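Because the structure is a prediction, the values reported are computed rather than measured. Order of the sequence lines fixes the chain letters, A, B, ..., with proteins taken first and strands second; residue numbering starts at 1 for each chain.
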Amino acid sequence: MSTSLERRTALKDNELAWYERMLEIREFERRTNELFAAGEIRGTTHLCVGEEALNLGLATVLNPDDVIAATYRSHGIALAFGISTHSVMAEIMGKSTGCAGGIGGSMHMCDSSVGVLPTSAIIGGGMPVATGAALAFQIQKKKNVAIAYFGDAATNIGAFHESMNLAAIWKLPVIFVINNNVYGEYTRIDLSTPIEDLHIRAESYAMPHTQVDGMDVYAVQKTMQEAIDRARRGDGPTLVEAKTYRFSGHSRADQALYRPEGELEHWSKRDPILVTEQALTKKGLLDDAKIAQLKEAAVATVEAAIVQAKSDPEPTLKDMFSNIYTSAKKVG
Amino acid sequence: MSTSLERRTALKDNELAWYERMLEIREFERRTNELFAAGEIRGTTHLCVGEEALNLGLATVLNPDDVIAATYRSHGIALAFGISTHSVMAEIMGKSTGCAGGIGGSMHMCDSSVGVLPTSAIIGGGMPVATGAALAFQIQKKKNVAIAYFGDAATNIGAFHESMNLAAIWKLPVIFVINNNVYGEYTRIDLSTPIEDLHIRAESYAMPHTQVDGMDVYAVQKTMQEAIDRARRGDGPTLVEAKTYRFSGHSRADQALYRPEGELEHWSKRDPILVTEQALTKKGLLDDAKIAQLKEAAVATVEAAIVQAKSDPEPTLKDMFSNIYTSAKKVG
Amino acid sequence: MRFRQAIVAAMTDEMKADESVIFFGEDVAAAEGPFKTSEGLLDTFGPIRVRDTPISEMAFTGAAVGAAMMGMRPVIEIMFMEFLGVALDALVTEGAKMHYLSHGEYSVPMVVRASCGSGLGFGSQHSQTLENWVAATPGLKVVQPSDAQSAYSLLRASIQDNNPVMFLEPRILYAERGEVDTSLKMEIGKARLLQEGSDVTIVSLGNMVNIARDAIKESGISADLIDLATLVPWDREAVLKSVKKTARLIVVEESPWSGGWGSEIISYATSHAFSALKSAPFRITAPDVPVPYSGVLEARYIPTVPNVASAIKQAVSANEVPQPWWITEGVSK
Amino acid sequence: MRFRQAIVAAMTDEMKADESVIFFGEDVAAAEGPFKTSEGLLDTFGPIRVRDTPISEMAFTGAAVGAAMMGMRPVIEIMFMEFLGVALDALVTEGAKMHYLSHGEYSVPMVVRASCGSGLGFGSQHSQTLENWVAATPGLKVVQPSDAQSAYSLLRASIQDNNPVMFLEPRILYAERGEVDTSLKMEIGKARLLQEGSDVTIVSLGNMVNIARDAIKESGISADLIDLATLVPWDREAVLKSVKKTARLIVVEESPWSGGWGSEIISYATSHAFSALKSAPFRITAPDVPVPYSGVLEARYIPTVPNVASAIKQAVSANEVPQPWWITEGVSK
Ligand SMILES: Cc1ncc(C[n+]2csc(CCOP(=O)(O)OP(=O)(O)O)c2C)c(N)n1
Ligand SMILES: Cc1ncc(C[n+]2csc(CCOP(=O)(O)OP(=O)(O)O)c2C)c(N)n1
Ligand SMILES: [Mg+2]
Ligand SMILES: [Mg+2]
């Protein structure tokens with residue numbers, strides 16, 4: 001089985017692999033939803049259907065030693081960044097083989113080998129953390145960048161404002177990425193936020209900012225690459241607003257009945273899987289047969305992960321008491 | 001002795017009274033500083049020398065049943081809004097006759113009869129409170145407004161961002177007033193904040209905003225009146241940035257040695273007392289003799305307040321245990 | 001009715017009785033609350049009084065303080081108690097001190113409702129009870145119901161109180177059913193003596209009251225079961241009276257072994273009923289770990305009925321203090 | 001040297017020893033700290049490692065978490081402990097849980113220094129000790145020195161610790177002088193037995209240790225004085241050992257009567273040394289009021305030497321639990 005790092009590196013310059021990973025995420029979320037409904041997953045889940053191109057766009061332009069502080073809506077990020085379907089599914093099922101040993105659950109993905117910091121279930125929780133990671137890179141004179149990844153509605157929390165300002169004044173190599181999927185829980189963004197283009201909030205910090213079509217993996221890559229270059233050059237942070245759409249409900253069993261009529265249909269035409277399919281077909285990398293084959297493969301991959309995760313061992317009571325504190329003193 | 005409300009009403013349409021009140025504040029702060037240095041005031045003090053025109057500008061355009069949530073830099077607001085020199089000085093001296101019974105101290109002024117909510121010693125503490133007061137006014141269909149009054153450096157705290165957004169989306173009758181006195185503690189604003197014109201942060205909330213010369217009481221009145229009218233009309237909040245200068249150090253014994261050379265001299269030409277003197281002289285309301293006479297009167301007023309406050313009784317132990325909880329149930 | 005319906009009923013009845021009662025929080029209006037604790041409120045009371053907020057706990061908690069000072073009686077919802085970590089200042093440092101700082105001129109009749117507790121697989125950032133964040137705050141009251149009846153009666157009492165009240169709702173109880181007599185009044189600060197016995201006093205709070213009840217039954221021991229119901233100010237008299245009668249005291253709590261609220265009870269009771277005690281009082285608590293997600297682990301996070309039952313038996317029959325399970329089972333020190 | 005100079009010395013020595021130690025906070029660099037606790041640090045270590053922050057406690061506390069995860073050892077300064085009320089999430093809900101949530105992959109070696117406590121006339125929003133905000137947080141350590149020596153040695157130990165540490169500095173001690181042996185190491189989690197005696201164990205923390213010392217002297221009683229020094233994890237062994245010897249226990253603390261940290265000590269010790277106790281253990285605390293500004297009132301806010309001395313005498317000579325002064329003096333219930 002390949003490591004997270006290998007799965008990450010496998011994406012390099014391989015457009016078809018991006019598409020396959022997107023299919024994998026999509027299928028993963030479909031099955032997660034089913035398993036939740038069937039009572040095989042407890043707690044809560046936050047699906048990222050519709051955000052796959054953004055997830056892949058990030059994973060493909062960042063280096064594995066760059067880091068991302070993301071949110072509870074974490075499966076797509078985890079899978080795109082390289083964590084295996086099995087390891088993510090096992091985490092969601094609370095198994096000891098999960099990427100956080102079954103201690104974290106759906107909201108808390110983590111893998112240091114590919115720079116996935118523990119995702120936070122607190123709105124705004126990850127933004128200062130990414131800012132601090134970038135501070136470390138700056139001081140260590142590393143060329144790495146840190147990503148703070150969060151939702152549209154999270155731009156109303158105090159930590160957004162404070163982190164943006166701090167990152168700007170210290171010119172830190174951090175990129176704030178808004179996944180604007182139109183909703184915060186059950187509330188459309190326009191009901192909680194008096195502006196339409198969220199990225200203009202960067203003006204308050206004299207920070208470069210831009211908007212990008214989050215349904216188009218190429219567009220995401222291009223925009224992110226500019227921001228990353230700026231950061232690596234030492235020219236400081238950027239705010240990127242990626243326009244996506246949350247095709248699923250907010251969490252658990254939410255049916256999203258509050259959507260205005262026609263909205264879902266409208267966005268369906270921009271479904272990132274579709275958009276990518278079209279692009280790759282045009283480039284001659286895909287045809288209908290291949291699409292069908294890859295979709296089947298994704299189904300099989302996810303199914304295998306589920307089967308394995310189900311039969312995996314539960315964490316032991318000792319696991320519950322591990323990793324609270326680390327060895328008391330630093331080495332050396 | 002006149003009540004706070006009478007002292008407030010006395011300002012109405014009486015330009016000379018504004019000037020007198022400014023002199024009173026200036027003298028009050030001068031003496032406070034002396035008393036602190038002499039060990040007759042404990043804890044800390046934050047002087048508002050240079051901010052008198054702004055204080056008066058606010059007090060004269062607001063109605064006594066409007067409210068203000070201000071900060072620890074509170075003496076000027078308290079005096080301008082009507083609280084007596086004696087009652088403010090007694091509070092600073094911790095006497096039972098102080099406006100908060102000696103329980104609050106220099107950072108915590110309060111008088112409900114003139115809308116001075118307990119001033120907060122926490123940066124950002126008052127902004128949500130003012131926002132909530134405005135919410136009450138809106139629901140009660142009152143035409144009142146609430147003021148959130150804070151410093152330049154406070155625009156970097158999370159509560160600023162959250163309160164502005166909430167006020168904007170709910171179109172609340174609240175006005176956010178930045179007293180931009182150039183410093184946050186010992187740090188020039190440009191070292192903590194990457195933009196120069198702080199008021200542009202209102203763009204993040206599609207909120208009207210403007211800058212005003214905080215050294216000119218007429219300019220403050222005009223700008224505030226527009227914002228107040230907008231709020232009373234039901235057209236929502238405004239962000240006003242008043243440019244002042246902190247002629248004193250931050251607090252206690254701070255000598256402000258970190259000022260760039262020439263800065264103090266530069267701003268001294270815009271000293272609000274001077275600016276007002278010139279304006280009133282031009283209008284024929286003041287001449288040198290009158291100025292001298294009023295200055296002497298201010299000295300006498302403050303001196304009398306100090307003498308009285310010194311001889312006032314200390315709070316009793318019972319006072320320490322009063323007003324923790326109020327009567328358990330609502331009336332009716 | 002269900003616990004969550006009791007919350008809705010209390011809100012409805014108070015909003016009907018007093019139009020200064022308003023309600024806001026994230027997704028509480030149009031969506032009727034993430035836990036359906038505000039079903040029908042927007043419909044009944046309209047968008048002026050029932051409001052969805054942006055994700056801005058600091059602003060809307062502080063806004064409740066300001067609105068309360070101006071004569072409203074705001075109730076706000078903090079979806080998960082942990083979210084108060086970004087808004088503690090507004091409640092504890094501003095709201096709870098306003099009456100004192102204003103020398104009695106302003107009061108702050110507000111209620112902060114927050115869901116709390118473990119057991120539902122929400123993971124370590126959405127499962128704590130966190131009473132310790134608010135407990136040592138003069139000026140604030142802290143209430144935690146344990147069933148539908150106390151949810152109803154205590155929420156009404158909290159809304160009627162002229163002081164800021166932190167109202168903690170054990171999330172795991174939302175779906176639980178119980179009889180509710182809407183005419184029954186309960187007072188903040190009064191404990192509930194849920195059952196009477198002779199050999200030990202069990203003090204508990206929130207969902208642990210239910211665990212304690214089952215455990216007493218399983219143990220076969222004759223016990224006083226006290227539902228504290230209010231943590232600040234807690235009912236010292238009721239606890240002392242019971243302890244003087246039974247001569248033994250056990251606190252059953254969901255908070256961690258170190259720093260949990262139960263120490264307050266043990267400490268006070270020991271100081272004030274020492275000579276009445278036949279054996280050492282003790283706490284049964286969660287361990288000193290973040291709440292784990294895994295179902296098998298989370299089931300062991302809170303005190304279980306068998307654990308509590310055997311502890312009660314050991315305490316009464318042998319006058320012994322049982323070791324916590326993580327020591328007896330050898331999984332931790 | 002003065003207590004605040006001991007802080008500077010510990011910072012200096014750690015920053016010299018390890019260049020991954022960095023330091024930031026409001027006005028800590030150019031201005032050398034509002035309490036002069038970072039004198040010379042900017043000069044010595046330069047603006048990359050010693051930084052002034054905007055007024056953004058949430059961002060810079062969280063930034064310390066992120067920087068620590070990436071291999072730095074950040075120390076930050078929260079000017080007054082109350083300001084953590086706008087940043088508690090970053091420390092308690094993010095920082096303290098990162099090691100657990102990352103299944104041990106990341107660790108968070110950071111120190112949050114904060115000044116705390118009353119006595120200087122800073123009023124009710126700048127004078128509390130607030131241990132309760134951070135105490136029940138598995139994953140976090142909580143330390144509070146009581147003199148220049150422990151400030152020096154414990155700050156060094158805290159910076160060397162690989163876990164997040166909350167380091168509480170009693171503000172009133174900054175100007176106090178004391179001998180400092182820079183070669184003396186102290187361990188987090190170990191209490192200091194400051195003096196030995198036979199008739200009572202006095203447990204205290206921070207500045208109250210000094211009050212307790214003077215009170216013991218004034219009382220003429222032979223007492224063990226234990227400076228807890230670390231509140232999480234506290235030294236259960238040291239306290240139990242002493243209590244088993246003296247058979248009496250008193251905790252002297254600056255926190256409020258309800259919800260203060262001392263209950264934890266009394267509760268644990270009672271559960272585990274019950275049969276050794278000759279009389280009821282008890283706490284001497286501040287009252288349940290916000291810290292008042294007035295000098296005459298604030299002087300009575302914390303336990304005073306005469307009060308503590310007479311309580312100790314009463315406890316030992318009569319085996320009695322004294323009432324708090326606000327009851328005996330009839331000012332409150
Ligand atoms: C501080 C805080 N407040 C509230 C919540 C509850 N909550 C979880 S997700 C969510 C909506 C977030 O919306 P958005 O930022 O757009 O991200 P999305 O879920 O759409 O990815 C809310 C309010 C939380 N987790 N943390
Ligand atoms: C949350 C918080 N952080 C820090 C402080 C300490 N502090 C008090 S005043 C001050 C500077 C504020 O500057 P500014 O907002 O410009 O107001 P000014 O003092 O100039 O009126 C700081 C950092 C505080 N009181 N609250
Ligand atoms: Mg969203
Ligand atoms: Mg300023």
Side-chain angles (χ1 to χ4, degrees), chain C residues 58 82-94 96-97 100-101 123-125 128 130-139 142 231-234 251 255-268 270-275 277 279-283 287-290 292 321, chain D residues 58 82-94 96-97 100-101 123-125 128 130-139 142 231-234 251 255-268 270-275 277 279-283 287-290 292 321:
Chain C
M58 177 74 85
E82 278 86 352
F83 306 165
L84 209 64
V86 301
L88 200 64
D89 182 73
L91 177 63
V92 159
T93 311
E94 313 296 332
K97 293 175 175 57
Y100 199 64
L101 284 177
S124 68
Q125 295 181 329
Q128 301 161 91
L130 293 172
E131 293 91 353
N132 61 301
W133 285 5
V134 290
T137 311
V142 182
L231 186 58
V232 182
W234 65 279
V251 175
S255 17
W257 175 238
S258 299
W261 59 265
S263 294
E264 167 87 13
I265 316 303
I266 300 280
S267 169
Y268 183 86
T270 306
S271 297
H272 295 88
F274 185 71
S275 56
L277 285 167
S279 63
F282 61 89
R283 300 163 61 216
D288 279 340
V289 307
V321 175
Chain D
M58 178 74 85
E82 279 86 351
F83 306 165
L84 208 65
V86 302
L88 201 64
D89 182 73
L91 178 62
V92 158
T93 311
E94 313 296 332
K97 293 177 176 56
Y100 198 65
L101 283 177
S124 68
Q125 296 182 329
Q128 302 161 91
L130 293 172
E131 294 91 353
N132 61 302
W133 284 6
V134 290
T137 311
V142 182
L231 186 59
V232 182
W234 65 278
V251 175
S255 18
W257 174 237
S258 300
W261 60 265
S263 294
E264 166 87 12
I265 316 303
I266 301 280
S267 169
Y268 182 88
T270 306
S271 297
H272 296 87
F274 185 70
S275 56
L277 284 167
S279 62
F282 61 89
R283 300 162 60 217
D288 280 340
V289 307
V321 175

- Item | pair D:F274-C:V321: side-chain heavy atoms closer than 4.5 Å | no
- Message: Quick check on D:Y100 against chain C: is it the side chain, the backbone, both or neither that has a heavy atom closer than 4.5 Å?
- Response: side chain
- Message: What part of D:V86 gets within 4.5 angstrom of chain C, counting heavy atoms only: side chain, backbone, both, or neither?
- Response: both
- Query: Looking at residues at least two apart in the chain, or sitting in another chain, which of them share a side-chain hydrogen bond (donor to acceptor under 3.5 Å, both in side chains) with C:S255?
  - Reply: C:E253, C:W261
- Note on the structure: From the list D:L91, D:D89, D:N132, D:I266, the residue making the most non-hydrogen contacts under 4.5 Å with chain C is D:N132
- Heavy atoms only, distances under 4.5 angstrom: which of D:P233, D:A136, D:G139 has the most pairs with chain C? Name it, please. D:A136
So which residue, [options], ends up with the most heavy-atom pairs under 4.5 Å with chain D?
options	answer
C:S258, C:G262, C:P292	C:S258
C:A273, C:P138, C:G259	C:P138
C:P287, C:G123, C:P281, C:P256	C:P281
C:S275, C:A135, C:A96, C:P290	C:P290
C:W257, C:F83, C:W234	C:W257
C:L231, C:L101, C:V232	C:L101

- Hey, could you give me the NZ/CD distance between D:K97 and C:E82, rounded to the nearest 0.5 Å? 7.0 Å
- Message: Between C:Q125 (side chain only) and D:T93 (backbone N and O only), is there a donor and an acceptor less than 3.5 Å apart?
- Response: yes
- Return the minimal non-hydrogen interatomic distance between D:R283 and C:S267, and the atom names on each side. CD-OG, 3.4 Å
- Where on C:V92 is there a heavy atom nearer than 4.5 Å to chain D: the side chain, the backbone, both, or neither? side chain
- In chain order, what residues pass the salt bridge (charged side-chain N to carboxylate O under 4.0 Å, His left out) check against C:E94, with sequence neighbours excluded? none
